[in-house]
Amino acid sequence: ATLHMAWAQDATGLDPHKQTAFSSLRLLELIYEPLVRVDASLQIVPAIATSWEFSKDGKALTFKLDPKAKFQGGAAVTSADVKASFERILDEKTSAAARANFLSIASIDTPDPATVVFHLSQPDVPILTAMSDVNAAIVPASEIKAGTIGTAAIGSGPFKLDKWDPNAKEVLSANKDWAGGPTGVDGIEISVLPDETAILAALRTKQIDFALLNDPLVATLVPKEASLQLNRVPVLSYHVLQLNPSRKPMTELKVRQAISCAIDRQEVLDTASLGEGKVTGPLTIPAMATDPSQLFCYKRDVEKAKALMKEAGYADGFSATVIGATGEPPTAAAEAQVIQSQLAEIGVKLDIKMMELNVYVDAWLKGDFDMAIALNGGRADPYTMYNRYWTKAGNLQKVANYIDDTLDSQMQRGRAETDPAKRKVIFAEFEKHLAEVSPWIWLYTSYSYTAQQKNVAGFVPTPTGTLFSLGKVTIGQ
Amino acid sequence: MNYLMRRLSTFPLVLLGVSIVVFVAIRMVPGDSITAMLGTEAGLLTPAQRDSLAAYFGIDQPWFIQYGRWLLGILHGNLGISVTYGRPVLDVILERFPLTLELALLSMIIALAVGVPAGVFAATHNEKPSDLVVRVVAMIGQSTPNFVLALLIIYALSAGFGVLPAMGQFAPLWQDPLRNLSQLILPAITLGFAFAASVTRISRSAMLDVLSDDYVRTARSKGASARSVIWRHALPNALIPVVTLSGIEFGYLLGGAVIVEQIYALPGLGRMVLDAILQRDYALVQGSVLFIAFNFMIVNLLVDLAYVALDPRIRLGER
Amino acid sequence: MRIFRAIFAHPSGRIGGVIVGLYLIIAALGMLGLTPHNPLAQFRVDRLHAPNGAYWMGTDLFGRDVASRLMAGVGQSFTVAFFSVAFASLAGTALGLAAAWFGRRWDGVVMRVMDVLLAFPAILLALLIVAVAGPGTWTSVVAITIVYTPIFTRVVRGPALSLKAREFVDAARTFGSSSSYIVTRHLLLNLVAPLTVQVTLALAWALLTEAGLSFLGLGIQPPAASLGLMLSDSRNLMETAPWLMIFPGLAIMISILGFNLLGDALRDILDPKMRRAAA
Amino acid sequence: MIPLLSVSNLRVGFGRNPQANEVVRGVSFDLADGETLAIVGESGSGKSVTALSINRLVDFGGGRITNGSMKLKRADGSTFDLLTATEPQLTKIRGAEIGMIFQEPMTSLNPVLTIGRQIEESFRLHRGLTGRQATAAAKDALDRVRIPDAARRLKYTPNQLSGGMLQRVMIAIALACNPRLLIADEPTTALDVTVQAQIMALLAELKRETGMSMIFITHDIGLVAGIADKVMVMQNGEAVEQGELNQVLDHPRHPYTQHLLHAVPHFSSGRATRADGQRDKDGSTEPALKVDGLVVRFPLKSGFFSHATGAVHAVDGVDFDLMPGETLAIVGESGSGKSTTARAVLGLVNSTRGTFSVGARKASVEQSALPVQMVFQNPYASLNPRLSIESILAEPVIATGGRVGAGTRTKMALLLERVGLPKNSLERYPHEFSGGQRQRLCIARALMLNPSVVVLDEAVSALDVSVQAKVLELLVDLQREFGLAYLFISHDMAVVERIAHRIAVIYAGQIVEIGDAASVLSEPRHSYTRKLIAAVPTIDRRHERFELDTRQVTSLVRPLGFEPAPARWEQFGVDHMARVEG
Ligand SMILES: Nc1ncnc2c1ncn2[C@@H]1O[C@H](COP(=O)(O)OP(=O)(O)OP(=O)(O)O)[C@@H](O)[C@H]1O
Ligand SMILES: Nc1ncnc2c1ncn2[C@@H]1O[C@H](COP(=O)(O)OP(=O)(O)OP(=O)(O)O)[C@@H](O)[C@H]1O
Ligand SMILES: [Mg+2]
Ligand SMILES: [Mg+2]
């Protein structure tokens with residue numbers, strides 16, 4: 001059987017090392033495999049590598065590869081492919097998206113075709129999680145040499161790409177050589193249906209078996225349909241109101257805190273996403289996250305906010321502009337409007353400026369905003385997730401515009417610590433501090449939705465949003 | 001002949017104008033191919049990575065050099081390579097164009113098949129209740145945003161009747177005509193409704209003018225039947241404004257119908273252009289706008305030629 | 001004053017006039033803030049409330065009163081429609097008259113420039129303008145103006161060319177009337193009828209184009225309301241809260257009905273033939 | 001014997017309440033086989049409505065027959081009640097039994113269909129012919145109306161034919177199925193004299209051939225005299241007088257008939273010319289306008305690179321002079337270059353060659369910056385419908401840089417009074433005036449600038465006969481009062497006879513005869529002038545046999561660089577010369 005699937009946004013490219021768009025990753029995860037993977041509870045599990053181990057000093061990481069792993073051409077996946085892939089990622093010319101996560105790799109050894117050893121310049125625990133990302137997928141060394149990565153998609157994943165008609169459709173067929181095989185369906189046909197109402201209509205008329213949904217307004221209609229099932233799972237990405245602490249008056253800690261106290265996060269969630277999601281602190285990884293009620297001002301307190309404003313010398317409030325991207329996420333405009341109305345109560349007058357995504361990104365990267373509504377991606381490891389913003393050397397430090405020695409040192413300690421329990425403590429402190437100094441106002445995490453016909457069995461939704469389990473999905477009668 | 005040559009000779013100039021406008025305009029929009037591909041992750045790139053990507057996207061040179069190169073390519077029949085599709089721009093456009101053309105033709109056929117008779121009917125029943133009904137329906141048609149109509153159609157069919165032509169996986173006409181028509185009929189109706197409404201209004205008023213002309217009286221004095229008077233004698237004289245309107249609308253439709261293509265998930269030119277803009281696929285945007293402009297000029301030319309065919313009094317090239 | 005009486009005497013003019021008049025009143029009330037509720041106030045406990053006594057047209061996702069927003073939205077939408085059509089008709093008329101009057105090279109240049117603009121897909125043009133200038137009321141106005149200017153130019157140029165060949169223009173030349181006098185008194189004045197019709201048509205289109213821009217997220221900025229924005233915001237709530245689509249949809253429809261009826265009436269009234277028949 | 005058509009007490013009204021709005025009020029007449037009835041009367045008297053009622057076309061114009069009876073005798077002798085017939089029955093009668101020709105051949109034929117198709121349609125409808133047969137029949141029909149080269153002309157569309165040709169096509173259509181009754185509603189009013197003569201000849205001949213009856217509507221008494229057996233005079237929707245041709249023309253009983261016969265200009269071969277305009281023979285007065293060797297050519301372009309392949313020699317060497325207080329009439333057939341001459345004098349077209357000089361005027365009147373003014377043919381088209389009369393009259397003043405002050409207003413009032421318009425005209429709009437009144441407005445406007453020369457291009461052609469007479473009188477009065485010189489262009493010889501001091505006959509862009517009006521009209525020397533005069537219908541020529549002439553109108557297109565041979569003139573009398581022919 002063929003699984004008919006639909007999504008609203010199509011992949012934007014086929015080079016697993018370069019693509020960062022959500023939809024690209026979802027497609028590429030079906031085609032390519034990384035060394036390891038994270039499961040539904042965000043535990044690291046085998047993929048191409050069957051086992052892995054850090055050396056005592058934490059400066060060497062050894063993988064054993066699955067002897068059954070084969071590329072879609074039939075060639076086995078060897079340690080040479082792994083080495084070539086990582087060298088490609090590290091090569092600046094590649095412009096690999098995840099390069100920053102692998103800068104601690106000093107050298108790569110391939111003692112035999114089934115063994116790879118990464119020598120690290122410093123202890124780097126999060127690197128393992130980073131390797132679970134499809135941005136660290138293993139691609140054939142031969143293809144790298146031929147320069148065909150990104151044109152012909154050849155990976156070791158459960159499906160191979162037969163046809164891609166950008167912004168229209170993809171046709172995938174089962175990879176007979178897949179080490180994890182056999183797959184439950186013969187292939188997947190993905191249609192791009194840009195309008196989610198149309199996706200719902202197609203589900204209702206049973207034209208499609210499985211769909212990705214983005215807009216909670218549409219997703220909540222699915223359960224009303226007897227033959228349809230909605231899968232939802234909290235995700236790692238988080239909705240956030242980014243303040244720009246380099247701009248007056250957000251330079252003032254008290255002003256930022258006042259904003260944090262003035263916002264009713266649950267109400268933002270209830271309104272913009274119809275309550276579909278969970279209020280969150282900075283850490284969205286379930287195993288790491290602190291109960292939000294423990295965090296600074298997570299219970300709305302307008303009086304306190306007003307007091308803080310007064311202390312900061314802004315008793316009469318101030319005006320600022322908040323930017324957001326149209327449709328990215330679909331709830332952005334709604335969030336902005338609720339926040340606007342909430343902040344109005346402490347005298348903050350917000351102007352909303354919705355922008356086309358690229359225009360927004362351009363302004364965002366330049367740090368050219370007072371406040372920004374954003375949906376930032378999450379990672380299975382807090383360090384990977386936040387070092388870009390809150391370490392002094394972070395690549396996006398200019399966007400966060402906030403330098404804090406405490407945060408920086410907490411990040412460095414958490415990076416080097418290999419004991420999971422100790423790491424958890426370090427990051428709990430980090431989270432608490434971050435919420436208190438409030439450079440950003442974390443709001444909530446939403447759900448990732450997939451909708452399916454009830455006869456589709458075996459799909460396991462995960463917080464990373466991966467569709468990898470489609471490899472094992474079957475279609476009943 | 002003379003006229004045709006003269007008109008065709010203005011094409012390159014207009015296209016040059018279009019090319020400059022589109023080239024400058026798309027570059028004036030903040031964001032570039034890199035932010036389009038990487039989003040906020042683009043901030044993670046090192047300068048060297050950024051340069052190599054810029055070189056990959058062909059946006060590393062000053063704009064006038066880029067423009068010059070592009071223009072040179074066009075002279076050699078090469079509109080450039082689309083970075084999203086990894087294929088020559090012209091190939092991508094030509095792949096999408098048949099659908100757009102088909103959709104435009106279908107909607108126009110619907111519009112003319114419904115609008116002209118409705119307009120004629122209203123004109124011949126001027127100021128009677130039936131005329132009023134036609135006029136009100138036409139005004140409703142004109143005032144319904146097509147996304148509302150599209151959503152209503154889809155909702156009514158899928159939730160009400162549980163049927164819907166295949167969404168997505170578009171089948172070209174020559175591969176599977178039945179499936180193709182089933183996929184295009186709803187979008188064509190959606191577009192055709194408002195189009196038909198304008199045609200109705202225009203043909204009604206044109207017919208009203210024509211019906212009082214002397215030659216209609218002559219036709220009647222010959223003993224021509226009411227039907228023949230209306231359809232053979234009056235209508236051909238009322239077609240000029242209808243052709244003008246249809247020409248403009250058809251020209252616009254050939255540029256793609258973004259919203260309808262989006263809702264009905266049709267891989268047409270409109271969505272392609274929109275996506276190309278959003279993805280900052282410069283070559284594709286430039287190429288497709290040129291292509292669309294070219295189509296528009298061809299349609300304008302055809303409209304002018306249609307005037308001549310419809311009305312022997314019109315002589316072209318006389319200003 | 002006379003024209004108002006004439007409109008009122010015309011059957012469709014009466015209906016159209018009343019509709020447009022009502023809208024103007026609603027728009028004025030909306031802009032003066034004389035709405036049942038504050039259109040921006042979020043009564044969040046009453047989110048997505050169906051129409052009832054307190055909220056005649058229900059509430060939206062934020063618990064804002066749809067009726068009040070509709071009133072404010074009419075003001076916004078009419079502002080966009082009126083200004084863009086005013087600018088487009090002024091620019092288009094000026095260009096069309098210039099092309100027709102000066103002929104030859106002028107005509108060629110103007111019409112080729114209009115070709116460039118016309119050839120640009122309308123939505124793309126709007127997208128680009130909006131992307132450059134950022135969205136908002138005035139950007140929508142500029143975008144719609146640019147899209148409709150070429151249409152007005154065409155509408156004016158054709159009849160102007162034939163007016164230019166009319167005998168009364170020849171007569172004016174024999175007195176040695178200046179070009180500007182002939183263009184304004186003899187050409188423009190006689191273009192009033194087709195222009196009126198075109199203006200009412202364009203008003204309808206402008207409302208829809210504004211809705212289309214909002215659908216693509218390029219129109220007026222939230223939390224301000226416009227009919228188009230309300231409609232496009234309602235699309236994914238069509239099933240959950242149909243009143244969010246029905247009322248703005250009806251509002252647009254009825255307003256366009258009003259414009260068109262008024263336009264039909266004005267065309268009749270301004271047509272000297274009709275006036276003679278009526279007299 | 002039962003008459004072919006019997007109409008009694010016909011009443012027709014318009015609008016929602018036709019009874020209250022009657023325009024035909026109880027008209028009765030009988031028409032026997034082979035008889036011709038002429039209906040005459042002033043504009044708006046209900047002639048056309050009566051005609052349209054007969055085949056019930058009036059229904060489509062918003063009219064209703066409110067009372068009366070109309071019976072048609074069919075070919076088989078049965079009687080057909082036209083009044084109660086249903087629309088399908090009527091479509092069988094129209095065209096087959098009753099044919100109709102209208103006034104304006106230019107607008108009465110469908111502009112987008114070939115004339116072949118339009119003729120064929122009649123055969124298809126009433127004879128059941130199709131395909132080749134229909135085409136062949138259409139060709140025969142064209143031959144019958146003497147259109148040369150009929151087979152080729154079938155493929156022409158109306159715009160490719162001249163007015164005279166089109167009227168012949170109309171006749172071919174109307175006669176296609178040999179109707180027993182032909183209704184001709186002012187079939188020649190839009191045509192010039194020579195063409196009119198052709199059409200009349202054709203109708204007379206066809207009538208003889210087929211023995212059909214005819215209802216002929218006109219306001220030209222001369223034509224009535226030439227063709228009718230019986231005459232009906234209408235006024236205000238009523239037939240005020242009816243009877244045999246000679247009786248009505250020679251012994252009119254009703255005052256309106258008498259007035260009509262009096263008002264209509266009768267052409268009397270130069271016996272009725274004006275006697276007041278004596279040229280001073282010593283040549284001491286400077287002419288008001290002197291035209292020397294005027295040439296106007298319109299280049300003909302064709303081919304790929306639009307190079308000139310020839311030229312239309314619209315005006316080819318015209319000289320004349322015009323004295324103050326004098327009227328020079330220019331006559332000639334359609335397309336001979338009359339209007340172009342006038343337009344060149346006014347600078348509306350660029351002349352290729354030639355000089356004008358405008359003479360000084362008597363010192364008493366202030367000199368105007370624009371001494372030549374024009375009154376156009378069509379009073380409806382030459383006034384901007386959206387300007388008030390005040391703005392219209394003010395325009396020449398504004399145009400010459402003047403201020404609209406009290407002086408201007410006084411002048412407007414004076415001129416309005418002079419041309420006989422009510423005082424309250426100033427705030428009214430053109431559509432509130434009748435055609436004759438509008439032409440007076442145009443005259444007043446032309447006089448606003450105190451011109452010395454007024455060019456009148458067919459200035460009275462569009463007017464009703466009685467109105468025409470009044471306007472002509474006005475012109476003469478104004479000429480006397482202001483010492484105006486008129487350049488009077490017309491194709492109506494009777495009108496010319498009344499107003500001209502001198503006449504220039506123009507043919508194919510050249511003056512072929514010029515001179516004193518009485519002399520030219522009574523003793524035409526050039527063959528073309530003779531032909532022109534012969535074609536003028538007069539009340540004295542009853543039941544005339546018009547000569548048919550299928551000669552083509554001369555083409556004015558000449559190859560590049562063509563120059564006509566210099567003219568040789570022959571002098572007859574003091575002020576009369578003609579071109580030597582041959
Ligand atoms: N369709 C119509 N609606 C209303 N009134 C009409 C209509 N047609 C004619 N009339 C009126 O009927 C009267 C008679 O018109 P008709 O055309 O018969 O005049 P006529 O004698 O033929 O004049 P002319 O010599 O100008 O052709 C006029 O007063 C005219 O205004
Ligand atoms: N602008 C022009 N371009 C080309 N040919 C022209 C132009 N104007 C006039 N002609 C031609 O010049 C010739 C003379 O035209 P003109 O209008 O002077 O004739 P007319 O004697 O006034 O005829 P009518 O009695 O029909 O008014 C005609 O053959 C006409 O076709
Ligand atoms: Mg008449
Ligand atoms: Mg003329």
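Sequence lines set the chain letters: A, B, ... in the order given, protein chains first and strands last, and positions in each chain run from 1. Because the structure is a prediction, the values reported are computed rather than measured.
- Both tests hold for D:R428 against D:F433: distance to the six-membered ring centre under 6.0 Å, angle to the ring axis within 45°.
- Side chains of D:S388 and D:S391: a donor on one and an acceptor on the other come within 3.5 Å.
- For D:I398, the part lying near chain C is the side chain, with the backbone staying farther off; criterion is any non-hydrogen pair under 4.5 Å.
- Between chain C and the residues D:C442, D:P430, D:G347, D:S382, the most heavy-atom pairs under 4.5 angstrom are made by D:S382.
- Within 6.0 Å of CG in D:N17 there are more than 12 heavy atoms belonging to other residues, nucleotides or ligands.
- The residue among C:A172, C:S178, C:A171 with the most heavy atom pairs within less than 4.5 Å of chain D is C:A171.
- A donor-acceptor contact shorter than 3.5 Å links the side chain of D:T341 to the backbone of D:G337.
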